[in-house]
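Whatever order the structure lists them in is the order used to number ligands and atoms, beginning at 1. Numbers for residues simply follow the sequence, beginning at 1. Source: prediction; values computed, not measured.
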Amino acid sequence: MIVTLVLFLSGALAASPTDHARILELRREIAHHDELYYRKNAPEISDAAYDALKAELRRLEQAYPDFGDRGGGGTEGMGDGGAAGGVAGEKIGDDRAEGFAKRRHGAPMLSLDKAYSDAELSAFYARASGTLGRDEIAWRVEPKFDGIAVSLVYEHGRLARAVTRGDGEEGDDITANVRALCAPPEVLAIEHEAPALIEIRGEIYLGLEEFARLNREREAAGEPVFAHPRNLAAGSVKALDPATNAGRRLSLVCYAWGAVEPASARPASLGDFAGMLRAWGLSVVEGARTGEGWTELRTAVDALRDERARLGFPTDGVVVKLELTADQERLGTGPATPRWAIARKFPAERAATRLVGITWQAGRTGVLTPVAELEPITLDGSRVARATLHNPAEIVALDLRIGDTVWVEKAGEIIPAIVGVDRSRRAANAAPWMPPEVCPACGGQVAAEADEAGGGGRVGLLRCVNDACPAVLARRVEWFASKNGVDITGLGPATIAALVESGKVRGLAELYRLERADLLALPGIGERSADKLLASIAASRSAPWPAVLGGLGLPGVGAGRAEALAKAAPDWAALLSADRAALAAAGLDEGVADAVAEHLAKPAVRVELAALAKFGVGTAKGEATANAGAFAGETVVLTGRLQRWTRTEATRRLEAAGARVDSNLTKRTTLVVAGEDAGAKLASARERGITVIDEAALTERLGEAE
Ligand code: IVH
């Protein structure tokens, strides 16, 4: 495996001896990334890195205009549909894929021209104003949603189909997925009479919160996370297996119309159209601004630019449109874009710095993700010293070498990414990057795997296969202790790292063996936090069973599937004896059922699960309900310090077992629990002849003794 990877990488890296070789290499790379982006919805490099490849190719092709065929991966290959400015990278392309019925659009689905500066926007306005013969034109400005364009076709008010843009003339029928993901109205509400036919154009997108949630779930399932909400939206609308979309909620916004029959039913303005959409029960762009004239327009664009960062959905600019249908019709349409609308795109802030190293972050499933270590710079007002590299393929695509001067940008305006290398400043002896042969965290063996999402088995994922790798274990514990799992408050990454490093925690179950002294030995943990942490670890034993299953990190099992699995395997015994058939019967799809069964067969896994079972995790015993009623009728006073629980924790358990807990001795008191260093209350209880028990007796009676 390793050998194959190294061979591949060195092949791809064999430094381009000439610019011609680099041109060929770039064309191949770009064709590969186009395939992943358009056909598989699974790009393996960021948009910014892709743009950088295209820009480099364009520079070289301009320098050698006679060099070879420019088709395929050439810069003209994935044209932008006649975009003004013609900057590479805006991907419109052709999204049609196998497995979907093809549908022709009644009116073509157009792309938009782009303005990259105020001057370009002003030129757009001046052209419109020249054609219309007046200065004051009514306009509308809205966020440009970064999702997947869709055409909803309503015939006599009924949803007939939903179609992707495709090549603009013909797209894929994605009706079933759109119904499942966005639930558009099947029948238009009748407040506003529906025309015989209307194509409603809009965007299917993923809200940023939902994006974060789904990625957390994918991570739980040991699947690679999506780099951008648009990729996830695209993957969802193009899913052939409906199960892919279970638990996903996508949003739909409508902003334009295509064919309308009869033509007289066409709205007179975008404002009217928004009113119709609302009346029909479809969602419209919120926060749009309207006005007249250039000065106001410019202010509105700037205002929306600033607001974009606070919107809960991904955007890649703003769209400026003429408000009145009559004005739109007079301006008409060019070869692929309307003349009455333009997208204003804003450059991400970009800065040059030096790549000082590439480090690796081990994930919960052992996947190693490269991170660029940079000489710190300031970008968009924040300090940036690291940038994501997503995967080894990105290092190869950029041909990154340690010591390179690199350009850094906020990718998708969310996370910093390296978008290019200043090759003119590369040291002559800069060595090509080679993948690590051993896990940088544990020195253990590394396996190279084909990245299924990336397809083609090219540069794969690197995975540490050492079951005992401390970095991987730390991630597993973090996951288990997080809200996705049993939710142990106060157990943060620093504490986990210290516990793993000191050898106190060598598996999930060892959390439950921790003693006060173990925690006190950690840097920065005092008595109070040690006690609190012990209490929350103890309380986590009573976490609901699906949460325990979700926290285990079983392959392919995120929160949604954990619920299903919990029903089929309601306890540890059932889980440990579950075979493929039982897992499949629980509704896990075949691949996941196989992976889980294989995982559960591993001796190390079985030992860990049995230990968790022994500690009562997931058996609701932590609530002290095992001996429900054990303290019924007792009025208890706690005094002195308990080892295992805080007062609050012990009180909760006693109450759950039927006791009433008071803070002071009274005539009602029937029992005193004396911890360490108990003083006056203990003496007084003895004097009054009240029964006194110690912590061991308390745990015993609660049924919590180990
Ligand atoms: S109006 C003739 N409004 O951006 C096209 N488009 O790059 C009229 N888009 O094809 C489109 N947000 O898929 C419009 N608020 C918005 C938009 C928007 C995103 C998309 C749309 C369009 C693409 C052009």
For Asn177 against Asn245, the heavy-atom pair lying closest together: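 Of all heavy-atom pairs spanning Asn177 and Asn245, the closest is OD1-ND2, 3.7 Å.
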Does [X] approach ligand 1 within less than 4.0 angstrom via side chain, backbone, both or neither, non-hydrogen atoms only?
X: Glu203; result: side chain
X: Val319; result: side chain
X: Arg201; result: neither
X: Met109; result: neither
X: Ala341; result: neither

Go through ligand 1 atom by atom and flag the ones less than 4.0 Å from a non-hydrogen atom of [X].
X: Pro338; answer: 2 (C)
X: Ala149; answer: 13 (O)
X: Glu142; answer: 3 (N), 15 (N), 16 (C)

Do the charged groups of Glu210 and Arg249 touch, with an N to O distance under 4.0 Å?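 A salt bridge is absent here (no side-chain N lies under 4.0 Å from a carboxylate O).
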Output yes when Arg344 and Glu120 qualify as a salt bridge under the 4.0 Å nitrogen-oxygen rule, no when they do not.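 So Arg344 does not pair with Glu120 through a salt bridge.
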Quick one: side-chain contact (heavy atoms from CB on, under 4.5 Å) partners of Ala126, sequence neighbours excluded?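 Counting only residues at least two positions away or on another chain, Ala126 forms no side-chain contact (heavy atoms from CB on, under 4.5 Å).
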Verify the distance criterion only: is there a donor paired with an acceptor across the side chains of [X] and [Y] at less than 3.5 Å?
X: Asp172; Y: Thr164; result: no
X: Tyr255; Y: Glu203; result: yes
X: Asp146; Y: Thr315; result: no

Is Pro143 close enough to touch ligand 1? Criterion: a residue heavy atom under 4.0 Å from a ligand atom.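 Yes; Pro143 lies near enough to ligand 1 that a heavy-atom distance drops under 4.0 Å.
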Looking only at non-hydrogen atoms, which of Lys345, Arg140, Lys321, Gln328 approaches atom 1 (S) of ligand 1 most closely?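 Result: the heavy atom closest to atom 1 (S) of ligand 1 is in Lys321.
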If you measure from atom 21 (C) of ligand 1 to every heavy atom of Trp257, Tyr255, Trp340, Tyr205, which option wins on shortest distance?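 Closest candidate by heavy-atom distance is Tyr255.
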Quick check: does [X] get an N/O under 3.5 Å from an N/O on ligand 1?
X: Ala256; value: no
X: Phe145; value: yes
X: Lys144; value: yes

Only counting residues at least two apart or in another chain, list the ones meeting salt bridge (Lys or Arg N to Asp or Glu O under 4.0 Å) with Glu186.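 Listed in chain order: Arg179.
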Mind telling me whether Tyr50 and His33 have parallel, tilted or perpendicular rings, with 30° and 60° as the class edges?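 If you compare the ring of His33 with that of Tyr50, the planes turn out perpendicular.
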